[in-house]
Chemist: 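Attaching a single structure in structure tokens format; questions to follow.
Naming convention: chains lettered A, B, ... in sequence-line order (proteins, then strands); numbering from 1 in each chain.
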Amino acid sequence: MFALIDGNHFYCSCERVFRPDLKTRPVVVLSNNDGCVVSRTPEAKALGIKMGVPYYQIAHLEQHAGLVVFSSNYALYSHLSHHMMHSIASLVPRTEVYSIDECFADVSGLNQLPELALQLRERVWQWVGIPCCVGIAPTKTLAKFCNHLAKKHASLRGSVVWPQWRTDIQQRALRSEDVSEIWGVGRKLSTRLHAINIHSAWDLHCADTTTLRRLFGVTLERTQRELQGIACLDWENQPAAKQSIVCSRSFQSQVTSLDDLRAALSHHVQSAVHKLRQERGCCQYLRVFAASNRFRDDLPQYYGHQGSFLAQPCDDTLQLHQLAQQQLQQVFQAGIAYKRCGVELGHIHPKHIQQLDWIANASIKQRPELMQAWDSIKRKYGDKHLYLASEGLGTDAWKMRQQHRSPQYTTAFQDILVIPN
DNA sequence: TCTGGGGTCCTAGGACCC
DNA sequence: TCTGGGGTCCTAGGACCC
């Protein structure tokens with residue numbers, strides 16, 4: 001039996017933890033670079049703000065409807081996420097963190113599931129201040145579905161326990177939801193399903209399995225079985241080792257000079273390789289890309305990229321940085337207005353298991369002690385105090401726009417909340 | 001003027017093997 | 001004129017997730 005616990009409009013709720021005055025106000029959180037809406041409270045939803053809508057289209061609501069806007073503050077969200085997962089783990093034998101705002105919990109063999117659901121919600125609320133909903137069912141897909149129902153219908157009081165429902169109620173619930181609400185059925189798939197008369201979740205539940213398999217493949221067959229209560233997705237005991245790491249950002253304004261691109265890329269390489277070392281991995285592939293603004297039809301469009309393999313797995317920032325900058329040179333074309341660039345590290349292997357190249361003689365210079373020192377300085381003093389000089393080249397045009405960011409209440413001493421007398 | 005940033009899995013088809 | 005059958009590995013592209 002699986003429980004799925006999901007924080008309600010998580011990023012907004014994180015902001016509200018330290019701003020109780022916003023409890024009933026419409027709040028949204030924007031994507032990086034203050035681009036578009038990625039989290040919204042029910043009050044913001046009621047204003048007609050859709051998910052993913054660009055900020056400039058709703059900015060007027062700050063003036064006219066009391067909308068409160070935040071830039072994303074990942075330091076805050078990931079820290080509160082940690083606390084939330086810890087609170088959940090204190091009540092159940094096993095958890096599997098699925099994303100920053102949701103987690104599966106193993107409730108097999110436990111009695112009084114409705115009471116447990118209530119307890120989970122209350123504990124997260126009391127310990128962390130995040131409201132959440134709980135869905136409990138015999139498969140992960142159904143648990144997600146129950147969670148969805150719990151969020152949608154206030155009358156369910158934040159939790160749905162599938163086995164407690166009579167069969168006809170379960171059926172009615174499946175009939176009431178479009179197939180696109182099911183986990184694993186996205187936009188394309190639901191369009192194709194509608195075309196063959198599969199509209200509701202119940203239609204998918206009842207569809208002919210062989211046809212489904214033939215037309216849509218094994219993934220959707222699994223989804224159907226899960227809807228029928230046959231578990232196809234098991235617990236993931238270990239978080240899988242990453243196969244690739246990507247770091248990229250949009251620029252606050254257009255960038256045309258190689259120096260600005262160099263600076264941005266330098267920044268991204270440093271974070272990507274830092275993540276790589278935290279994974280205890282080494283990569284053997286590196287790709288650099290830079291792109292124009294895809295929304296500007298009036299400007300020349302460009303997506304340039306260049307990747308290459310290394311003779312030897314590597315986790316050395318300086319080496320990878322040098323290679324990335326060489327590749328950028330190939331990618332760069334004058335006369336393009338760039339809006340985004342980034343780096344991808346691929347073919348990642350565990351650091352302690354390495355296949356060396358016995359033909360290529362060139363061994364890549366690596367400096368483990370230097371990298372260790374680098375990482376510990378970053379850990380101790382934060383990100384801003386140590387970086388490669390090339391990051392300081394050029395202008396600030398490549399940096400991120402973050403005009404509405406809240407303080408890092410829980411992770412920076414200078415941002416600790418002060419409550420006046 | 002202004003539109004995010006990560007990831008994974010599956011499949012079809014081509015190249016190759018015996 | 002007529003040309004098998006069974007496999008693996010790799011990659012690109014398409015779909016999905018948050």
Chemist: Quickly work out the A:Tyr74 OH to B:dG4 C1' distance and round it to whole Å.
Modeler: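 After rounding, the reported distance stands at 7 Å.
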Chemist: Would you mind classifying the nucleic acid contact of A:Leu30 as base, sugar-phosphate or nothing, using non-hydrogen atoms under 4.0 angstrom?
Modeler: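 Since no nucleic acid heavy atom lies under 4.0 Å of A:Leu30, the category is nothing.
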Chemist: Classify the nucleic acid contact of A:Phe295 as base, sugar-phosphate or nothing, counting any heavy atom under 4.0 Å across all strands shown.
Modeler: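 Contact class for A:Phe295: base.
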Chemist: Return the value, rounded to whole Å, for the distance between atom NE2 of A:His347 and atom P of B:dT8.
Modeler: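 Whole-Å distance recorded here is 13 Å.
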Chemist: Within the 4.5 Å heavy-atom criterion, are A:Asn33 and A:Gln252 side-chain neighbours or not?
Modeler: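 A:Asn33 reaches A:Gln252 side chain to side chain.
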Chemist: How many Å lie between OH on A:Tyr303 and C1' on C:dG13, as a whole number?
Modeler: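 Roughly 14 Å, once rounded to whole Å.
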Chemist: Any idea which of B:dT1, C:dC18, B:dG4 is nearest the A:Val38 side chain?
Modeler: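 Nearest nucleotide to the side chain: B:dG4.
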Chemist: When the C1' atoms of C:dC17 and B:dG4 are compared, how many Å lie between them, rounded to an integer?
Modeler: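 Pairwise C1' distance, B:dG4 against C:dC17, rounds to 15 Å.
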Chemist: So which nucleotide from B:dT8, B:dT3, B:dG7 ends up closest to the side chain of A:Gln243?
Modeler: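 Looking only at heavy atoms from C-beta outward on A:Gln243, the closest nucleotide is B:dT8.
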Chemist: Ignoring hydrogens and geometry beyond distance, is a side-chain donor-acceptor pair present between A:His199 and A:Asn197 at under 3.5 Å?
Modeler: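 A donor-acceptor contact under 3.5 Å links the two side chains.
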Chemist: Between A:Lys144 (NZ) and C:dC16 (C1'), how many Å, whole number?
Modeler: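 Nearest whole value for this atom pair: 12 Å.
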Chemist: Counting only side-chain nitrogens and oxygens, does A:Lys339 get under 4.0 Å of the OP1 or OP2 atom of B:dT3?
Modeler: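 The answer is yes; a side-chain N or O of A:Lys339 sits under 4.0 Å from OP1 or OP2.
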Chemist: Using a cut-off of 4.0 Å on non-hydrogen atoms, how would the nucleic acid contact of A:Val185 be classed: base, sugar-phosphate, or nothing?
Modeler: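 Sugar-phosphate, no base atom in range.
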Chemist: For B:dT3, does OP1 or OP2 lie under 4.0 Å from any side-chain N or O of A:Arg296?
Modeler: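 The answer is no; no side-chain N or O of A:Arg296 sits under 4.0 Å from OP1 or OP2.
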Chemist: Could you please name the option among C:dA15, B:dC10, B:dG6 that lies closest to any side-chain atom of A:Val246?
Modeler: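 Of the options given, the side chain of A:Val246 lies nearest B:dG6.
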Chemist: Does A:Arg222 make a side-chain N or O approach to OP1 or OP2 of B:dC10 shorter than 4.0 Å?
Modeler: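 A:Arg222 to B:dC10 OP1/OP2: side-chain N or O found under 4.0 Å.
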Chemist: Send over the distance from A:Asn147 CG to C:dC17 C1', rounded to a whole Å.
Modeler: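 Answer to the nearest Å: 15 Å.
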Chemist: Between C:dC16, B:dG7, B:dC10, which nucleotide gets closest to the side-chain atoms of A:Val218?
Modeler: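 Closest of the options to the side chain of A:Val218: B:dC10.
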Chemist: Just the rounded figure in Å: distance from C1' of B:dG4 to CZ of A:Arg294.
Modeler: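 Distance, rounded to whole Å: 9 Å.
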Chemist: Does A:Arg340 make a side-chain N or O approach to OP1 or OP2 of B:dG5 shorter than 4.0 Å?
Modeler: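 Result: yes.
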Chemist: For the aromatic rings, using the six-membered ring if either is Trp, is the centroid distance between A:Tyr11 and A:Tyr74 under 6.0 Å?
Modeler: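 For A:Tyr11 and A:Tyr74, the ring centres are under 6.0 Å apart.
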Chemist: Between atom CD1 in A:Ile49 and atom P in B:dT3, what is the gap in whole Å?
Modeler: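 Nearest whole value for this atom pair: 18 Å.
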Chemist: Tell me which nucleotide among B:dC10, C:dC18, B:dG5 gets nearest to the side chain of A:Asn32.
Modeler: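 Given the options B:dC10, C:dC18, B:dG5, the side chain of A:Asn32 is closest to B:dG5.
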Chemist: Does the pair A:Arg225/A:Glu221 count as a salt bridge with the N-to-O cut at 4.0 Å?
Modeler: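 Yes, charged N to carboxylate O under 4.0 Å.
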Chemist: Need to verify one output field. Residue with the more 5' nearest nucleotide on DNA chain B, A:Arg214 or A:Gln252?
Modeler: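 So the residue in question is A:Gln252.
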Chemist: Counting only side-chain heavy atoms from C-beta out, which of C:dC18, B:dT1, C:dC16 sits nearest to A:Lys188?
Modeler: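 Minimum distance to the A:Lys188 side chain belongs to C:dC16.
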Chemist: A:His321 and A:Gln325: side-chain donor and acceptor closer than 3.5 Å?
Modeler: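 Yes.
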Chemist: So which nucleotide from C:dA15, B:dC2, C:dC18 ends up closest to the side chain of A:Glu102?
Modeler: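 Per side-chain heavy atoms of A:Glu102, the pick is C:dC18.
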Chemist: Using a strict 4.0 Å threshold on nitrogen-to-oxygen distance, state whether A:Lys151 and A:Glu102 make a salt bridge.
Modeler: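 A salt bridge is absent here (no side-chain N lies under 4.0 Å from a carboxylate O).
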Chemist: Between B:dT1, C:dC17, B:dG6, which nucleotide has the shortest distance from any of its atoms to the side chain of A:Ser248?
Modeler: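 Looking only at side-chain atoms, A:Ser248 lies closest to B:dG6.
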Chemist: Output yes when A:Glu96 and A:Lys140 qualify as a salt bridge under the 4.0 Å nitrogen-oxygen rule, no when they do not.
Modeler: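 Salt bridge between A:Glu96 and A:Lys140, a charged N being under 4.0 Å from a carboxylate O: yes.
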Chemist: Is there a side-chain contact between A:Ser250 and the phosphate of B:dG5, meaning an N or O under 4.0 Å from OP1 or OP2?
Modeler: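 Yes, such a contact exists.
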Chemist: Is there a Watson-Crick or G-U wobble partner for C:dC18 with both distances under 3.5 Å, and if so, which one is it?
Modeler: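 Partner of C:dC18: B:dG5.
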Chemist: Measure from the side-chain heavy atoms of A:Pro54 and tell me the nearest of B:dT3, C:dA15, B:dG7.
Modeler: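 Nearest nucleotide to the side chain: B:dT3.
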Chemist: Hey, which sits more toward the 5' end of DNA chain B by its nearest nucleotide, A:Cys247 or A:Phe216?
Modeler: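 Its nearest nucleotide lies further toward 5', so the answer is A:Cys247.
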Chemist: Contact class for A:Ser244 vs. all strands (heavy atom < 4.0 Å): base, sugar-phosphate, or nothing?
Modeler: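 Contact class for A:Ser244: sugar-phosphate only.
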Chemist: Which listed nucleotide (B:dC2, C:dC17, B:dG7) is nearest to the side chain of A:Trp183?
Modeler: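 It is C:dC17.
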Chemist: What integer distance in Å separates A:Asn293:CG from B:dC2:C1'?
Modeler: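 From A:Asn293 CG to B:dC2 C1': 9 Å.
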